[in-house]
Structure formats: C-alpha cells, structure tokens
Engineer: 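Below you will find the structure I want to go over with you.
Heavy-atom basis, side chains included; hydrogens, waters and symmetry copies ignored. The chains referred to below are lettered A, B, ... by the order of the sequence lines, with proteins before strands, and numbering in each begins at 1.
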Amino acid sequence: MARSNEAAAEALTEFADLIAIMGGDSYRIRAYEKAARSVAGFAHDLDRLDVKGLQAIPAIGKALAEKLVEFRETGSIHELDELRAQVPAGLRALLGIPGLGPKKARQVYDQLGISSLGELLDALAAQGLRDLPGWGAKTEENLTRSIRQMQEAGGRIPLGAALSQAEEMVAALEGVAGVRRITYAGSLRRMQDTIGDIDLLVASTDTEPVMAAFTSLRTVDHVLAQGSTKSSVVTAKGIQVDLRVVSPDVWGAALLYFTGSKAHNVRIREMAVRAGLKLSEYGLFHADDETLVAAETEEDVYEHLGLPWIPPTLREDRGEVEAALAGSLPDLVDIGHIKGDLHMHTDLTDGLASLEDMVAAAKAHGYRYCAITDHAPLLTMQRMTPEKALEQRARLAKLQEHAGLALLHGSELNIQEDGSLDWPDEFLAGFDVLVASIHSHFRLSKAAMTKRIIRAMENPYVNVIGHPTTRNLTKRPPVEFDTEEVFKAAARTGTALEINSFPDRLDLSDQMARTAREYGALFAIDTDSHSVVHLDNLRFGVATAQRGWVEHKQVVNTWSLRDLRRFVERKRSRATT
DNA sequence: GCCGTTTTCGGCCCGACTGTTTTCAGTCG
C-alpha cells in the first residue's frame with residue numbers, strides 16, 4: 001500500500017473526527033469517513049493523480065479532490081488546521097474510548113475543561129461526571145472499564161501498523177552506503193499480534209553513515225539515543241524504533257538474538273551451556289577457549305546446537321525447542337499454500353470495490369478459487385435482500401465464463417443472540433459456502449455465548465465461523481465462550497474456524513488457534529477483504545496461524561477446490577441422513 | 001460532502017442497545 005494513501009486517509013479521518021466534535025453535519029462527517037476508507041482502500045498511488053483523476057475515486061468529489069491535492073503539496077489542509085486550532089489535541093484521542101463519542105467528548109470539554117485522557121481519568125475517579133446531563137454512575141463505570149482495558153493493551157501497536165512503519169524504514173535505509181544487510185527483528189519478525197517497539201538490524205562495517213541516515217529519516221520525530229552500534233528514535237506516530245548495527249560475519253547470531261523471544265533465547269542458551277558452548281549476539285563459542293563455532297547464519301547456529309532452523313513465528317518457548325529436538329516441528333501453513341479466499345465483500349454491501357474488481361484481484365493473487373461473502377440481511381444497515389443475493393449469484397455465474405478461477409457464491413451470515421441465522425435453510429442451500437459471524441450482543445454470559453456459537457455451527461450450511469471472538473486489538477476485548485466446548489463442536493460438526501487476517505482482528509488469535517488445533521478443529525485463513533488492497537493482509541493471518549502451530553493440511557482453503565467442495569457437501573449430507 | 005436511468009436538489013445506513021430519561025440521546029456495527 002502506498003504510504004501517501006494512508007497519510008491522506010488519516011488526514012480525512014481526523015477531519016471527520018474534528019467536524020464531529022464541533023457538532024457538524026452528520027452527513028458531511030460520514031462523507032469524510034467514507035472518503036478516508038475509499039482512499040485507504042484505493043489500489044493505486046494517489047501521488048500520480050490530479051484533481052480530475054482523484055475524482056474518479058469513489059466517494060471523492062471536487063471539494064475533497066482539491067483538499068487532497070493541497071495535502072500533497074503542502075503537507076496539510078488549511079481548513080483542517082483551522083479545526084485543529086479549535087479542538088484541543090487530547091480531545092480527539094478521547095474518541096478512541098469505546099462508549100465515548102464526539103458529543104460526550106465535547107460535553108466534558110465545554111463543561112469541565114477536560115481535554116486529555118489523564119484529566120478524564122481524574123474526573124472519573126472523583127465521580128465528577130455523573131451529574132452532567134445524560135450521564136450517570138453507570139456511564140462513569142463503563143468508561144472507567146473501557147479505559148482500563150485500553151491501558152492494559154499497554155500502548156502496543158497492532159502488527160499491521162508496525163510492519164508498514166518498519167518496511168518503510170528498511171526501504172529507506174537499504175540504499176545507504178555501507179548497509180550490507182538490513183531487516184526487522186524482534187516481535188515484529190515473530191509476527192506477534194501487537195508490537196511494543198520496532199527492532200531493526202543492519203549488517204555493516206561502517207556504522208557512522210548508517211546511524212546518521214537512520215536518525216535523520218523523515219519519519220523520525222526525535223532521537224532518544226545515538227551511538228556507534230545502537231540508536232533509538234521515536235517516529236512521528238509515537239513508535240519507538242531501535243537500530244543495531246553488527247558486523248556482517250555475525251549476522252546470523254545477531255538476528256537470532258534480536259529476534260527473540262527472550263524465553264526462546266534463554267532456552268537455547270541453556271542448551272549451549274550444557275554442550276560446553278556460549279551463545280551471544282556475537283556468535284556461538286566454545287566456552288573454554290572462546291573460539292568461534294558459528295555466527296554467520298541462523299541455520300549455522302541452530303545446527304551446532306543440534307537443532308533444525310526454527311521459524312521465527314514459533315520462537316516463543318512454547319514447546320518448539322522440544323519439538324525441534326524430536327524432529328516433530330509442525331508442517332506449518334505458508335502463504336504459498338493458500339488456494340483461495342473464503343471471505344470477501346463487495347460494494348453490494350460495505351465493500352469498496354465492485355464484484356468484478358474483487359474477482360480480478362483474487363485472480364491476480366493466483367488463487368484457484370474465491371468466495372464472495374457479502375453481508376446478510378440481519379446486519380440491517382447493509383440492506384441485503386434475497387433478491388440482491390440472487391442477482392449477485394447470477395452476475396457471478398456470468399463472470400465465471402471468463403474468470404480463470406472458480407467463483408463461489410457465499411454470504412457472511414449473522415449469528416443472532418440465540419444462534420439462529422438470517423435465512424432459512426432452503427435459501428442457505430443455494431450458496432456454495434457460508435461464513436457465519438457474531439456482529440451483535442457481545443456481552444452475553446459465557447454459557448449463553450457458547451450455546452449460541454455451537455448452535456450456529458450445528459447448522460448444516462455454516463462452513464466457517466468468521467472472526468470467532470470478534471476481538472479488536474485496539475478497542476474491543478474478545479467475547480467469552482467455553483473454548484473447549486466450542487472447539488470440540490467445530491471438529492465434530494465439520495465447521496472451520498476462521499483466522500481472520502485483518503490486522504486489527506487476527507481472530508482467532510495465535511494461542512486460541514493452537515488450542516483449537518489440539519481439539520482437532522479445521523481452519524480457514526481469510527482476509528475479510530472490503531477492498532482490493534485488503535487481499536494483501538493474508539500474510540498476517542498466515543503468520544498468526546503459524547504462531548498457532550497450524551499445519552497446512554488443517555486449513556481448508558489450502559485444499560483443492562474438489563476437496564473444499566467435499567468438505568461443504570459432507571456437512572450438508574450428514575444433516576440430511 | 002457525494003451523487004445521479006428519481007440528475008444540480010435532496011436524499012444519504014438503519015436499528016438495537018445502553019443508560020438515561022419519563023420519551024430520548026448517544027454510540028455502535
């Protein structure tokens with residue numbers, strides 16, 4: 001994704017937030033929000049487009065096209081600057097608190113002068129908000145809880161945002177004189193769902209120019225430390241980035257060391273000690289005479305410890321060392337195994353791209369098949385109807401004639417509070433494949449939630465449970481259900497559990513996928529794409545699956561079309577016999 | 001602010017939930 005698109009989308013989103021706080025017209029707000037999503041999901045680089053070209057982007061008219069040009073040329077938009085002058089910076093951040101929207105944000109500012117998270121917390125602690133009109137004890141309680149949940153996330157950055165920041169910096173430094181190798185390490189290389197800070201590793205014999213280039217990167221806001229082998233900066237987005245420079249001949253040892261995890265490193269260092277060796281970021285040495293054993297590649301170091309190379313996504317000391325020793329590391333799913341995406345939206349509901357464009361994008365990804373799964377009627381805002389679904393099916397059949405990959409017609413159904421679904425079985429039977437997801441009633445009791453999900457899985461037409469816990473990494477905790485019961489039921493009913501690749505979701509999480517796998521459940525790694533560019537998120541879902549030790553055989557969308565259809569048919573026929 | 005086979009004005013994503021209120025406002029998906 002082009003960086004300029006993201007930056008422009010962020011400016012438009014901020015615009016929308018500020019208009020909302022100022023009490024502006026709700027349709028105008030929505031227009032900005034929609035434009036932001038459209039720009040972020042636009043497949044081409046905005047930088048190449050003039051006012052006229054920009055207007056060809058959906059949801060961008062003349063006014064916004066001009067603002068986008070202004071943004072590109074000056075780095076800002078004067079109307080946005082004027083709004084910023086009227087709304088304290090901290091106030092917008094309050095909108096990130098679930099349960100607190102623009103009206104309440106404005107209210108606490110106007111009536112109590114609160115314009116930061118800290119001030120809001122103080123007021124909540126002092127019970128100073130319950131007397132405001134429309135507020136009460138319960139509101140205070142809910143907001144306090146929301147904030148606590150946010151803080152427990154610890155200001156960590158979702159994987160997607162961290163990775164694009166890291167890749168941008170790696171690309172900018174790759175060409176610097178003296179840089180022999182460069183990569184990101186740490187939790188980012190292990191593809192953990194959230195990242196505390198970014199670790200970059202450079203192999204070079206000439207550190208000065210590398211450090212100078214690093215600390216003066218455009219994205220750097222300020223420098224925390226600058227030395228000859230290690231420097232730390234904070235980016236404009238508030239992300240800390242550490243850069244280490246090592247000699248090229250110890251690249252492998254350093255990469256191993258800085259990739260971690262700490263727990264994994266401790267385990268293999270213990271192994272080294274027992275073998276009369278010593279492992280550090282500078283290499284594997286004989287303990288007695290300090291002669292070098294291995295350092296140049298990770299494979300080398302692992303091999304001299306008696307281990308095969310262990311994929312970074314497994315390096316958490318969750319049994320990978322034992323498995324490696326026993327020769328039983330999982331045959332992990334990889335991005336090349338994926339034969340199709342089973343969860344994609346189009347502009348028939350809340351997607352941004354047309355059916356034709358989504359199909360073309362799936363084809364461009366080299367898929368053998370893809371499923372179009374627009375929202376079902378009970379998500380009322382999407383205004384789906386049986387007629388529209390059938391019409392889409394007819395269009396899909398027409399596209400199939402020259403598609404070059406198998407086009408499956410599906411839908412993303414809504415699991416209701418009692419586990420029932422949008423359409424009767426007779427209508428569901430007309431689809432090729434169906435995803436069912438929770439989009440409402442997140443706070444049911446654990447028992448009710450368990451029963452609800454299992455009932456949905458028992459429907460013979462439900463093939464995939466979409467984003468099973470509905471968690472949002474920055475906003476919403478996962479719903480609670482009895483994992484053992486649900487995962488057992490998934491295995492028993494022949495229902496795949498989705499590993500949703502959206503960077504804010506990554507749902508199932510790595511740990512839950514690992515548990516589900518132990519109960520014999522199958523998986524679908526989907527992108528839940530709402531635009532063409534979202535198809536690229538697949539790598540996050542695949543990495544999450546790897547972290548959950550998921551093997552490719554356990555992922556239904558690595559199967560051939562024939563096997564996938566059998567999977568669907570088997571469940572359906574079991575129900576009728 | 002966008003958009004148009006209902007085309008330059010007047011619609012636009014609608015309904016549920018929560019907590020507040022005593023008929024409704026704000027938030028969310």
Side-chain angles (χ1 to χ4, degrees), chain A residues 8-9 11-39 51 54-68 70-71 77 79-80 83 94-108 110 129-146 345 347-352 374-385 388 412-418 422 437-444 466-467 470-472 474-477 479 500 502 504-505 507 528 530:
Chain A
L12 293 176
T13 303
E14 183 184 357
F15 223 129
D17 285 347
L18 298 185
I19 297 169
I21 291 171
M22 294 304 290
D25 173 52
S26 62
Y27 290 111
R28 189 168 174 238
I29 297 164
R30 203 175 294 162
Y32 276 84
E33 287 170 347
K34 192 175 176 194
R37 274 183 284 124
S38 186
V39 164
V51 170
L54 288 165
Q55 281 179 255
I57 302 173
I60 302 295
K62 188 155 178 288
L64 283 179
E66 284 169 356
K67 286 187 173 73
L68 287 173
E70 184 189 348
F71 180 70
I77 301 167
E79 258 186 73
L80 177 58
L83 278 170
L94 299 188
L95 299 185
I97 305 167
L100 191 127
K103 297 280 164 53
K104 281 195 162 65
R106 182 66 188 269
Q107 207 181 359
V108 296
D110 280 351
L129 297 168
R130 58 180 60 185
D131 296 329
L132 291 175
W135 292 63
K138 201 80 186 214
T139 319
E140 285 185 340
E141 206 178 289
N142 288 339
L143 285 181
T144 306
R145 191 177 53 225
S146 291
H345 296 270
D347 59 6
L348 182 61
T349 56
D350 61 349
L352 291 158
D374 271 311
H375 287 289
L378 288 170
L379 201 62
T380 50
M381 63 180 173
Q382 304 300 348
R383 300 168 139 190
M384 179 55 96
T385 62
K388 283 190 187 175
E412 184 184 12
L413 305 168
N414 302 286
I415 305 175
Q416 293 304 99
E417 188 171 359
D418 64 356
D422 305 65
S437 311
I438 287 173
H439 291 120
S440 65
H441 302 93
F442 300 119
R443 287 200 272 178
L444 293 187
H467 44 75
T470 79
R471 75 168 179 169
N472 180 303
T474 55
K475 281 188 177 161
R476 191 172 52 228
V479 299
N500 187 295
F502 233 86
D504 291 345
R505 291 192 184 273
D507 182 13
D528 195 359
H530 285 66

Engineer: Would Tyr27(A) count as stacking on dC2(B) if stacking means ring centres less than 5.5 angstrom apart and planes tilted under 30 degrees?
Structural biologist: no
Engineer: Which is true for Ala137(A) with a 4.0 Å heavy-atom rule: it touches a base, it touches only sugar-phosphate, or it touches nothing?
Structural biologist: sugar-phosphate
Engineer: How would nucleotides 3-11 of chain B be written as a contact map, 5' to 3', with B for base contact, S for sugar-phosphate-only contact and - for no contact, using protein heavy atoms under 4.0 Å?
Structural biologist: S--------
Engineer: Of the nucleotides dC12(B), dG29(B), dC2(B), which one has an atom closest to the side chain of Arg383(A)?
Structural biologist: dC12(B)
Engineer: Which atom pairs link the protein and nucleotides 24-26 of chain B when you take only N or O atoms and keep those under 3.5 Å?
Structural biologist:
none

Engineer: Keeping Asp422(A) on the side-chain end and Leu378(A) on the backbone end, is there a donor-acceptor pair under 3.5 Å?
Structural biologist: yes
Engineer: Should Thr139(A) and Arg130(A) count as side-chain neighbours, where that means a heavy-atom distance under 4.5 Å?
Structural biologist: no
Engineer: For dG1(B), does either OP1 or OP2 sit under 4.0 Å from a side-chain N or O belonging to Tyr32(A)?
Structural biologist: yes
Engineer: Determine the Euclidean distance between corresponding P atoms of dT27(B) and dT21(B); express it in Å to zero decimal places.
Structural biologist: 15 Å
Engineer: Between dC12(B) and dC17(B), how many Å separate the two P atoms, rounded to a whole number?
Structural biologist: 24 Å
Engineer: Nearest nucleotide by nearest heavy atom, which residue falls closer to the 5' end of DNA chain B, Ser440(A) or Arg443(A)?
Structural biologist: Arg443(A)
Engineer: With a 3.5 angstrom cut-off on both distances, give the Watson-Crick or G-U wobble partner of dT8(B), or none if there isn't one.
Structural biologist: none
Engineer: Given the C1' atoms of dT23(B) and dT18(B), what is the spacing between them in whole Å?
Structural biologist: 15 Å
Engineer: Please measure how far the C1' atom in dG26(B) lies from the corresponding atom in dT20(B), and state the result in whole Å.
Structural biologist: 10 Å
Engineer: Between the side chain of Lys104(A) and the main-chain N/O of Trp135(A), is any donor-acceptor distance below 3.5 Å?
Structural biologist: no
Engineer: Base, sugar-phosphate or nothing for Asp350(A)? Non-hydrogen atoms, less than 4.0 Å.
Structural biologist: nothing
Engineer: Using 30° and 60° as the class limits, which term best fits the ring planes of His375(A) and His530(A): parallel, tilted or perpendicular?
Structural biologist: tilted
Engineer: Roughly how many Å apart are dC14(B) and dT8(B), using the C1' atom of each and rounding to a whole number?
Structural biologist: 27 Å
Engineer: Among dG1(B), dC12(B), dG19(B), find the nucleotide with the atom closest to the side chain of Arg30(A).
Structural biologist: dC12(B)
Engineer: Under 4.0 Å between a side-chain nitrogen and a carboxylate oxygen: does that hold for Glu66(A) and Lys62(A)?
Structural biologist: yes
Engineer: Rounded at 0.5 Å granularity, tell me how far NE2 in His345(A) sits from CG in Asp374(A).
Structural biologist: 6.5 Å
Engineer: Starting the side chain at C-beta, find the nucleotide from dG29(B), dA16(B), dC2(B) nearest to His441(A).
Structural biologist: dA16(B)
Engineer: With rounding to the closest Å, how many angstrom separate the P atoms on dG15(B) and dG10(B)?
Structural biologist: 24 Å
Engineer: Check for a donor-acceptor pair, side chain of Glu33(A) on one end and backbone N or O of Ala16(A) on the other, with a separation under 3.5 Å.
Structural biologist: no
Engineer: How far, in whole Å, is dC13(B) from dC3(B) if one measures between their P atoms?
Structural biologist: 12 Å
